[in-house]
Number of protein chains: 2
Amino acid sequence: MARIKTDNNVSRKEVIVAKAAILFREKGFKAASMRDLAESVGVEAASLYNHIKSKTELLHELCFGVANRFMQRIEEVEQEKIPAAEKVEKLLRFHINEMVHHYEEVYVSDREWKHLSDPYLSNFQNQRRIYRKRFAAIIETGIRANEIEPIDAPTAVLIFLHAISGIESWHRSKQKISAEALENNMITILVDGLYPRK
Amino acid sequence: MARIKTDNNVSRKEVIVAKAAILFREKGFKAASMRDLAESVGVEAASLYNHIKSKTELLHELCFGVANRFMQRIEEVEQEKIPAAEKVEKLLRFHINEMVHHYEEVYVSDREWKHLSDPYLSNFQNQRRIYRKRFAAIIETGIRANEIEPIDAPTAVLIFLHAISGIESWHRSKQKISAEALENNMITILVDGLYPRK
DNA sequence: ATAACAAACTAACATACGTTAGCGACAAAT
DNA sequence: ATTTGTCGCTAACGTATGTTAGTTTGTTAT
């Protein structure tokens, strides 16, 4: 019988969740079947249910895991005593790093949350809305302090978050630049803009 | 018997494709069923097959419709005799306008192309890759002419395209700013950057 | 060694899905 | 008025999916 391999201090459930992230990323939540997942774990489909309650639970786990990390980080940043513009840059770098190093989970959380079902769905949407509002608030503080160009803050947030989710393409591309080069290029473009400083 | 309503010069197939775009956008390709689509068209599921060959054909239609429009546009822009930086801005504005006015199709083409099957899948991926290369080439021309900050051009393209796909959030948001305001804000942020010009 | 528990298996169910076959109803052309 | 072709309907098929029940195997603790 083929047991699920677990490194120390990693539950079998966590192994399943991790494999699910990979699968959901490459096929999408709906198109990825429990039998696919079972195969990638090395076990029969029914056996998964010794460790998880349902397919949707896997999605919960992934979405809220990611959401919680971002929430925690923005709270830390909010409380630092530094200029708002620096807070923005810190958040951007955090987003970039999350996308680079926890690619699958972040990607799935970003694109597949629609398939959550209530009450988790509304809960997730709320958290998302709140996060963006708080991010926008930081930008607006920066604008009032003349650290940041007077732009529409919600639009800026929307651009930032989606721009960073584009790291997906970087992950898949053949000739990757290094992760640090990527991070710095992104910050340059997003923060400094396209045209040369005079 | 409930016939599919068609305004003049619009085939029933086009009506179905348009409804499919809406449905695929809100549920995702896999989660949207032919029975859902039938209901939104006002007809039984089997009746759809008098007008289309398969569910996947609907996705082809949408993806390649969008891809062709972008390809045509970039060819026009390439041939204009204007500075590269202006070409970039023209392309950005085109992307923004497409996303604002053909929301559903563009969104579906962007997120659901994975569910195409070969040979359409490889074909689509190719077009996509080529498009991005040509976009990057324009940026690189601009860099050599000192019109554009020396950045990694592929990264810039990736940021632009994904940033613009964020207009999705604008479409769904309650308190929308106007489409023109959105366009100008996006151009400002993407092109001029976040910090004030000195 | 044996009891007790965790975790795998086989078999199966109910449901949902894409799609086909065949028939009847309406519209347009003769 | 009759024919012809378009378009919609009902019924159904085959397959895939998430999940449950019940059983067997392997591991851990006494």
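Residue numbering restarts at 1 for every chain, and letters A, B, ... go by the order of the sequence lines.
For A/E39 and C/dC9, the CD to P distance is 13 Å, given to the nearest whole Å.
Applying the salt bridge (charged side-chain N to carboxylate O under 4.0 Å, His left out) test to A/R132 and every residue at least two apart in sequence or in another chain returns nothing. A/R144 pairs by the side chain to side chain contact (heavy atoms under 4.5 Å, CB included) definition with A/E140, A/T141, not counting sequence neighbours. Not counting sequence neighbours, A/H102 has no partner by the ring pair (Phe, Tyr, Trp, His ring centres under 6.0 Å) test. Remark: B/R129 pairs with B/N126, B/K133 by the side chain to side chain contact (heavy atoms under 4.5 Å, CB included) rule, at least two apart or across chains.
Using bins of under 30°, 30° to 60° and over 60° for the plane-to-plane angle, the ring pair B/F64/B/Y120 lands in the perpendicular bin. Between A/F135 and A/F160, the angle of the ring planes lies from 30° to 60°, which puts this pair in the tilted group.
For the segment residues 113-121 of chain B, the set of residues with a heavy atom within less than 4.0 Å of an atom of DNA chain D is empty. A heavy-atom distance below 4.0 Å to DNA chain C is reached by none of the residues of residues 17-34 of chain A. Against DNA chain D, the stretch residues 48-61 of chain A makes heavy-atom approaches under 4.0 Å through A/Y49, A/S54, A/K55.
Note on residues 20-42 of chain A: pairs passing side-chain hydrogen bond (donor to acceptor under 3.5 Å, both in side chains), not counting sequence neighbours, are A/K27-A/D36, A/S33-A/D36. Among residue pairs with one or both ends in residues 12-52 of chain A, those qualifying as ring pair (Phe, Tyr, Trp, His ring centres under 6.0 Å) are A/F24-A/F29, A/F29-A/H115; sequence neighbours excluded. Evaluation of the ring pair (Phe, Tyr, Trp, His ring centres under 6.0 Å) test over residues 168-188 of chain A, restricted to residues two or more places apart or in two chains, returns A/Y103-A/H171. For residues 57-82 of chain A, the pairs satisfying side-chain hydrogen bond (donor to acceptor under 3.5 Å, both in side chains) are A/K13-A/E57, A/R69-A/E98, A/R73-A/E76, A/E78-A/R134, A/E80-A/K90, with sequence neighbours left out.
No donor-acceptor distance shorter than 3.5 angstrom exists from the side chain of B/E112 to the backbone of B/L59, with no hydrogens or angles considered. The backbone N or O of A/A181 lies less than 3.5 Å from a partner atom in the side chain of A/N185, making a donor-acceptor pair.
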Protein N or O to nucleotides 10-12 of chain D N or O, pairs below 3.5 Å:
none

